[in-house]
*Asks:* 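What follows is a structure written as C-alpha cells; I'll ask about it next.
Each ligand, and each atom within it, is numbered from 1 in the order the structure gives.
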Amino acid sequence: MASQVTVTTLYKMMEKGEKIVALTAYDFPFAKLVDDAGIDMILVGDSLGMVVQGNTSTLPVTMEEMLYHTQMVSRATSRAMVVGDLPFMSYQSSLAEAIDNAGRFLKEAGAAAVKLEGGAAVSETIAAITAAGIPVQAHIGLTPQSVHAMGGYKVQRDEDRLMADAREVADAGAFSVVLEGIPADIAEKITKAIAIPTIGIGAGALCDGQILVIHDLLGLNDRHLPKFVKQYANLGEAARQALENYADEVRSVKFPGEEHCY
Ligand code: KIV
C-alpha cells in the first residue's frame, strides 16, 4: 500500500517542484476512484451543496452533512490526504466553536485536515485551530461562502489585498492555501512569495497544485461551468444512455434475459 500523503509530503512536493493533484469527492465510490487514481488530496468540499444536493449556493450545507460525507470519503481512502471543508457559519461565530467543529472532522469523520474560507479576517481562527493540533488549509480569492458579500461569483483582482491575505494565512499557520478565481499572474506572485503550497482553481498553471470539483471534471454537472473547468469525461451522457437502454429493454421485455434468471 502506498504511504499516506501528509502535510510533510506536500511540503516535500512543493520543494521539489512536483505538482500537487487535488480533487473533491463526496462519497465512497468516487473517493475510491480518486484514491486509486493516485490523486494526492481529496477535499470533501461544501461544493457538495451545489453538485450533490442541488442547491444554488454552498450556504445551506450543515456540519452534520459535511461529517456524513467526510466519513464516507475517509472509509474509501488509503493514500490521499482527506480535507474536510468547514461549512458556512461553522467557524465564524467564535474561536471555541471553530475549534470544536474543526475537531469533529478529525475525531468523527477521519479527516486529516480542515479547510476554511477567508484571508486576513480569519487569521486568528486559523491560528487557534492550528494551535489545537489541526492542520488548516486556507482559501482566498473567490470564496463561494461570501457570494452575497462579493456581489456574485466574481474573479477577484485586487492584488494588494490578495497578497496580504495570502501572507496573513501563511503567517497564521495554514499548511496550504487554495487560490480560487484570481488572475494567473497574481497567483504566480503569491506562490513565489509564501512558503506554503498554493492549490489553484481558476488561478493559472503556476500554483503548486490544482484542484477541481469532480462532478465538473467528469461531466456530471449540467449547470453552467466556469471557464477554469476542463471536462475530462462525459459520464452524465454515458449514464443517460445506459438508463434509456435499461428502460427500453424492460418495456420491450428484453431484460431480464435467461442469463439473469434463476
Ligand atoms: O467546496 C469546494 O469544493 C471548494 C473547492 C472548489 C476548492 O472549496
Side-chain angles (χ1 to χ4, degrees), residues 10 19-27 30-31 34 39-63 65-70 72-73 80-92 101-102 105 109 111 113-119 122 126 135-147 150 153-156 162 165-166 169 174-182 187 190-191 196-204 207-218 220-221 223-232:
L10 302 178
K19 293 288 183 191
I20 298 163
V21 188
L23 195 58
T24 67
Y26 315 102
D27 62 19
F30 279 103
V34 173
I39 306 287
D40 304 305
M41 180 190 290
I42 300 180
L43 170 69
V44 188
D46 65 355
S47 50
L48 70 83
M50 298 173 84
V51 298
V52 176
Q53 296 177 334
N55 292 308
T56 52
S57 79
T58 60
L59 303 184
V61 178
T62 66
M63 261 308 289
E65 289 163 351
M66 288 306 304
L67 293 173
Y68 172 69
H69 284 276
T70 306
M72 290 186 262
V73 168
M81 179 177 193
V82 175
V83 180
D85 208 4
L86 281 158
F88 182 55
M89 291 319 294
S90 67
Y91 57 95
Q92 289 91 342
N101 282 326
F105 275 99
V114 297
K115 178 173 84 58
L116 53 73
E117 295 184 9
V122 291
I126 292 171
V136 181
Q137 181 169 55
H139 181 163
I140 66 168
L142 193 171
T143 45
Q145 290 177 13
S146 307
V147 57
M150 292 182 304
Y153 296 104
K154 292 182 180 157
V155 175
Q156 302 296 300
L162 290 164
D165 279 341
V169 298
F175 73 91
S176 163
V177 57
V178 170
L179 306 180
E180 176 163 357
I182 70 177
I190 290 173
T191 300
I196 59 173
T198 58
I199 308 294
I201 174 162
C207 299
D208 297 305
Q210 296 291 327
I211 187 164
L212 283 175
V213 168
I214 190 166
H215 286 61
D216 296 346
L217 178 156
L218 293 179
L220 290 168
N221 184 3
R223 291 180 179 165
H224 165 76
L225 294 181
K227 175 183 163 121
F228 60 72
V229 171
K230 179 167 177 183
Q231 197 180 295
Y232 285 83

*Asks:* Tell me whether Arg223 contacts the main-chain N or O of Val51 through its side chain, where contact means a donor paired with an acceptor under 3.5 Å.
*Replies:* no
*Asks:* Can you list the atoms of ligand 1 that are under 4.0 Å from a heavy atom of Asp46?
*Replies:*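 The atoms of ligand 1 under 4.0 Å from a heavy atom of Asp46 are 1 (O).
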*Asks:* Can you find a pair of side-chain heavy atoms, one from Leu48 and one from Tyr68, that are under 4.5 Å apart?
*Replies:* no
*Asks:* Going by heavy-atom distance to atom 5 (C) of ligand 1, choose the closest among Leu43, Asp216, Leu142.
*Replies:*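 It is Leu43 that holds the nearest heavy atom.
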*Asks:* Are the side chain of Lys19 and the backbone of Cys207 linked by a donor-acceptor contact shorter than 3.5 Å?
*Replies:* yes
*Asks:* Could you tell me if the side chain of Met81 sits less than 4.5 Å from the side chain of Asp40, heavy atoms only?
*Replies:* no
*Asks:* Is there a polar contact, in the sense of an N or O pair closer than 3.5 Å, between Glu117 and ligand 1?
*Replies:* no
*Asks:* Which residue and atom name correspond to the protein heavy atom nearest atom 3 (O) of ligand 1, and how close is it?
*Replies:* Ser47 OG, 2.5 Å
*Asks:* Check this for me - ligand 1, Glu180, N or O atoms closer than 3.5 angstrom, yes or no?
*Replies:* no
*Asks:* Main chain of Lys154, side chain of Gln156: is a donor-acceptor contact present, judged purely on distance under 3.5 Å?
*Replies:*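 Looks like yes, one N/O pair under 3.5 Å.
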*Asks:* Is it the side chain (CB and beyond), the backbone, both or neither of Lys115 that lies under 4.0 Å from ligand 1, heavy atoms counted?
*Replies:*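 Side chain only.
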*Asks:* Aromatic rings His69 and Tyr26: how do their planes relate, parallel, tilted or perpendicular, breaks at 30° and 60°?
*Replies:*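 Answer is perpendicular, since the angle exceeds 60°.
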*Asks:* Where does Ile201 meet ligand 1, judged by heavy-atom distances below 4.0 Å: at the side chain, the backbone, both, or neither?
*Replies:* side chain
*Asks:* If you count the atoms of ligand 1 from 1 in the order shown, which ones are under 4.0 Å from a heavy atom of Thr24?
*Replies:*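 So the answer, numbered in order with elements, is 3 (O).
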*Asks:* What do we get for Ile199 next to ligand 1 when only non-hydrogen atoms under 4.0 Å count, side chain, backbone, both or neither?
*Replies:* neither
*Asks:* With heavy-atom distances below 4.0 Å as the criterion, list the atoms of ligand 1 near Gly45.
*Replies:*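 Those atoms are 1 (O), 2 (C), 3 (O).
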*Asks:* Can you check whether Pro87's main-chain N or O pairs, donor with acceptor, with Asp46's side chain at less than 3.5 Å?
*Replies:*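 Looks like no, no N/O pair under 3.5 Å.
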